[in-house]
Every structure is written in structure tokens, then in C-alpha cells.
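We're numbering straight along the sequence, starting at 1. For ligands, and for the atoms within them, numbers begin at 1 and follow the listed sequence. All values below come from the heavy atoms of this structure, side chains included, with hydrogens, waters and symmetry mates left out. Model, not experiment: these values are computed from the prediction.
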Amino acid sequence: MKIQEAQQFYRKQFDLYGKHIDYPELDEGLAADIVEQMGRPFTSVLELGAGKGNLARCLAGRGKSVTTVELVPELVEYAEQFQSPDVTSICGSFYDIELPRQFDAVLYMDGFGVGTDAEQLQLLRRIHDWLCDDGAALIDIYEPTYWKQTSGRTMTLPGDVSRVYGYDDSRNRMTDTWWPTDRPDEKMTQSLACYSPEDIHEMCKQARLQIIAYFPGGAMDYEAWSYHEVASLAQCISYRIKVVKMR
Ligand SMILES: C[S@@+](CC[C@H](N)C(=O)[O-])C[C@H]1O[C@@H](n2cnc3c(N)ncnc32)[C@H](O)[C@@H]1O
């Protein structure tokens with residue numbers, strides 16, 4: 001997606017749905033996972049694509065000093081309402097924002113893959129430069145097998161919003177289309193690149209980043225309409241990579 005398309009999609013998604021719905025227990029759980037997956041004490045955090053800022057607030061509550069970068073001004077304004085002094089919110093694009101410092105941890109939760117392969121590589125190179133020499137980044141990667149199988153699934157969300165998933169085989173991108181249920185002519189779609197563990201390993205290498213851990217996430221069983229917290233690496237919705245600078 002081009003920057004303008006991403007901005008339009010995430011603004012509209014926030015307007016239709018995100019403004020009204022929060023799951024604070026999920027963000028607390030995510031913050032606990034991050035502390036565990038980092039595996040060593042850390043203080044400064046850069047969070048990319050921070051959305052409504054919920055994770056940043058939870059991390060600040062755990063004594064971290066968090067800088068967030070988020071593209072959509074409305075999301076940054078929302079986050080600022082609840083802000084703690086330990087969170088610095090920056091509105092801008094992670095492709096060109098200037099951050100003249102380094103961080104112990106760089107996080108990109110749920111959203112890597114919004115651009116082209118070349119842009120993703122550029123972002124990984126920037127993550128390399130934002131990391132302290134002994135820092136680590138945690139990045140969520142969409143898994144291709146799950147998304148191929150999920151293509152065609154439709155659902156209705158609270159707030160009378162409908163959603164359908166798709167998969168573009170030629171570009172290896174999942175697609176996620178939203179619309180107000182009573183206004184199907186107002187459809188809008190985001191697409192995110194999916195990478196196998198091997199593909200992302202190769203891309204990280206080009207950015208001089210070494211993957212030192214893979215953490216598989218959950219998967220939805222649509223037949224039983226139940227969510228499994230942890231699936232296999234080849235069947236999860238997304239998996240998290242932990243990367244460090246190559247020595
Ligand atoms: C799928 S949402 C995830 C939000 C949040 N991380 C979460 O897990 O709830 C992706 C976020 O990345 C932001 N984003 C997309 N492109 C961006 C860019 N170039 N620079 C900064 N943020 C961007 C979007 O506006 C959106 O808020």
C-alpha cells in the first residue's frame with residue numbers, strides 16, 4: 001500500500017471500529033510477552049505503527065520509556081489523551097522520520113508488510129540503525145500458509161462492520177476488506193505482505209540483522225469458531241521474530 005492509501009485505510013478503520021473498542025487485557029498480556037521475549041532488562045523502547053498507543057501505555061506502566069511513531073494524526077491525538085510522561089508520541093512515517101537516537105528495544109506489532117518488499121527492506125535497515133549495539137527488535141510477520149487458507153472468510157464485527165479476508169497469490173499479500181454492513185459500496189482494503197520464516201530470514205540478513213528467535217502466534221479455527229493461543233510456525237496468523245545486529 002502507498003503511504004496515502006495506508007493513511008486513509010487506518011483512519012477509516014479507526015473511525016468505523018477502533019474508536020469504540022479496546023481490549024486492555026490483551027495489551028497488558030502483550031506487554032508481558034514483550035518483557036519475557038526481550039529476555040533481559042531494557043528501558044528505552046521505540047514502537048513503530050503504534051496505533052492507539054495502548055501497548056506503549058502498558059509498557060510505560062512497567063517502567064519503560066517509550067517513543068512511538070504513528071502515521072495517522074487522529075490515532076496520535078487519541079493516544080495523547082491518555083498519555084503518561086514516559087511516552088513520547090510522534091506523528092509521521094517510519095520510512096522517513098528522523099530519530100537522532102538509539103533504543104534498547106524496537107517493536108513493530110501487527111503491521112509489518114504494509115509496503116513493498118523494497119520498503120520493508122528499507123525499514124529493516126532503519127530498525128538496524130535505531131537499535132543500540134546490544135538491543136533487540138521484535139517484529140510480527142504475517143504467515144503465508146494461514147492467510148492462503150483464510151481467503152474468502154467473511155465476518156461481522158461489533159458496530160455493524162463487515163470484513164472479508166483474501167489472498168493475492170501473485171504478490172504474496174493478504175487482503176483485509178472492511179465496510180459498514182449497510183453500505184457495501186464503501187469498501188476499503190488493506191494488504192500486508194506475508195513472509196515465510198526463510199524469506200524473512202533472508203531479508204533481515206540483507207539489513208544486517210540476525211534472527212535469534214521465532215515466536216509463533218495464535219490461529220483462528222473457523223470451523224469451531226475458536227481461537228487457539230499458539231499454533232505451529234507454519235499455521236499461525238503471524239509469528240514474532242527477535243532480531244539483533246549482526247556481529
Ligand atoms: C495493523 S495497525 C496495528 C496498530 C498497533 N500496532 C496494534 O497492534 O494495535 C498498523 C498501524 O501502523 C500504522 N502505519 C502504517 N504505515 C505507517 C508508516 N509508514 N509509518 C508509521 N505508522 C504506519 C497504521 O496507521 C496503523 O496504526
Side-chain angles (χ1 to χ4, degrees), residues 1-34 37 45-60 64 66-80 82 87-99 103 105-127 130 137-143 147 157 161 163 165 173-178 188-194 215 217-218 236-241:
M1 286 200 286
K2 297 202 172 74
I3 288 271
Q4 291 84 350
E5 286 171 323
Q7 203 171 43
Q8 269 173 13
F9 177 87
Y10 292 111
R11 177 184 284 130
K12 186 82 180 162
Q13 186 189 50
F14 174 59
D15 216 40
L16 274 181
Y17 179 70
K19 218 184 250 180
H20 317 288
I21 290 164
D22 264 326
Y23 298 102
E25 64 290 350
L26 293 186
D27 294 298
E28 277 302 342
L30 180 55
D33 288 348
I34 286 164
Q37 291 164 353
V45 177
L46 171 63
E47 190 195 353
L48 304 172
K52 293 191 282 180
N54 294 345
L55 174 62
R57 276 199 300 287
C58 293
L59 288 168
K64 313 300 175 198
V66 189
T67 300
T68 63
V69 177
E70 168 53 52
L71 185 63
V72 176
E74 288 83 347
L75 285 166
V76 177
E77 278 163 29
Y78 178 92
E80 281 174 340
F82 310 101
V87 179
T88 304
S89 305
I90 300 175
C91 187
S93 168
F94 43 56
Y95 295 129
D96 55 20
I97 198 95
E98 289 303 327
L99 298 171
F103 301 85
V106 178
L107 308 176
Y108 193 176
M109 302 293 108
D110 186 17
F112 185 83
V114 74
T116 61
D117 286 350
E119 286 167 334
Q120 259 90 251
L121 179 56
Q122 178 198 351
L123 181 58
L124 288 172
R125 290 195 166 116
R126 302 201 87 200
I127 290 174
W130 286 322
L138 296 170
I139 307 168
D140 287 350
I141 311 292
Y142 275 64
E143 207 289 323
W147 286 105
L157 304 174
V161 179
R163 183 178 200 184
Y165 293 127
R173 295 179 77 91
M174 64 79 84
T175 61
D176 175 20
T177 301
W178 294 59
M188 50 166 196
T189 300
Q190 68 167 328
S191 84
L192 295 168
C194 302
F215 304 101
C236 54
I237 296 173
S238 66
Y239 56 91
R240 187 163 299 153
I241 54 171

(request) Answer whether the closest heavy-atom distance between the side chains of Met1 and Tyr10 falls below 4.5 Å. (result) yes
(request) Below 4.0 angstrom from a heavy atom of Gly92, which ligand 1 atoms are there? Numbered from 1 as shown, please. (result) 20 (N), 21 (C)
(request) Would you check if Asp176 and Arg163 make a side-chain contact, meaning some heavy-atom pair closer than 4.5 Å? (result) yes
(request) Kindly indicate whether the side chain of Glu77, heavy atoms from C-beta on, has any atom under 4.5 Å from the side chain of Ser89. (result) no
(request) Give yes or no for whether the N/O distance cutoff of 3.5 Å, strictly under, is met between Tyr10 and ligand 1. (result) no
(request) Give the atoms of ligand 1, by number and element, whose distance to some non-hydrogen atom of Val72 is under 4.0 Å. (result) 25 (O)
(request) Compute the shortest N/O to N/O distance between Tyr95 and ligand 1 and return yes if it is under 3.5 Å, no if not. (result) no
(message) Tell me the contacting part of Leu48 for ligand 1: side chain, backbone, both, or neither, using a 4.0 Å heavy-atom threshold, strictly below.
(response) neither
(request) Name the closest protein heavy atom to atom 27 (O) of ligand 1, giving the residue it belongs to and the distance to 0.1 Å. (result) Glu70 OE1, 2.7 Å
(message) Out of Glu119, Gln190, Met109, Gln13, who is nearest to atom 8 (O) of ligand 1 when you count heavy atoms only?
(response) Met109
(request) Heavy-atom distances under 4.0 Å are what count here, so tell me which part of Ile3 touches ligand 1: side chain, backbone, both or neither. (result) side chain
(message) I need the nearest protein heavy-atom contact for atom 22 (N) of ligand 1: residue, atom name and distance, please.
(response) Leu71 N, 3.3 Å
(message) With respect to Val114, determine whether any N or O atom, backbone or side chain, lies less than 3.5 Å from an N or O atom of ligand 1.
(response) no
(request) Check whether any side-chain heavy atom of Leu157 lies under 4.5 Å from a side-chain heavy atom of Trp178, and answer yes or no. (result) yes
(request) Please indicate whether any nitrogen or oxygen in Gly111 is less than 3.5 Å from any nitrogen or oxygen in ligand 1. (result) no
(request) Work out which heavy atom in Phe94 is nearest to a heavy atom in Trp130; give both atom names and the distance. (result) O-CH2, 3.6 Å
(request) Do me a favour and list the nearest non-hydrogen protein atom to atom 12 (O) of ligand 1 with residue, atom name and distance? (result) Gly49 CA, 3.3 Å
(request) Decide whether an N or O pair under 3.5 Å exists between Ala6 and ligand 1. (result) no
(message) Evaluate Phe94 for polar contact with ligand 1, using N/O atom pairs at a separation under 3.5 Å.
(response) yes
(message) For atom 2 (S) of ligand 1, which of the options Leu123, Asp110, Leu55, Ile90 provides the nearest non-hydrogen atom?
(response) Asp110
(request) Might you point out which heavy atoms bring Ala60 and Val87 nearest each other, and give the distance in Å? (result) CB-CG2, 3.8 Å
(message) Do Thr67 and Phe103 make a side-chain contact, defined as non-hydrogen atoms from C-beta onward lying under 4.5 Å apart?
(response) yes
(request) With the side chain counted from C-beta on, respond yes when Glu119 and Tyr95 share a heavy-atom pair under 4.5 Å apart, and no when they do not. (result) yes
(request) State, with a plain yes or no, whether a side-chain heavy atom of Arg240 is found less than 4.5 Å away from one of Gln37. (result) yes
(message) With heavy-atom distances below 4.5 Å as the criterion, would you say the side chains of Phe82 and Lys52 are in contact?
(response) no
(request) Let me know which of Leu55, Ile34, Leu59 forms a side chain to side chain contact (heavy atoms under 4.5 Å, CB included) with Glu47. (result) Leu55
(request) Look at atom 19 (N) of ligand 1 and say which protein heavy atom is nearest, naming residue and atom and giving the distance to 0.1 Å. (result) Ser93 OG, 3.1 Å
(request) Under 4.0 Å from a heavy atom of Leu75: give me the atoms of ligand 1 that qualify, with their elements. (result) 27 (O)
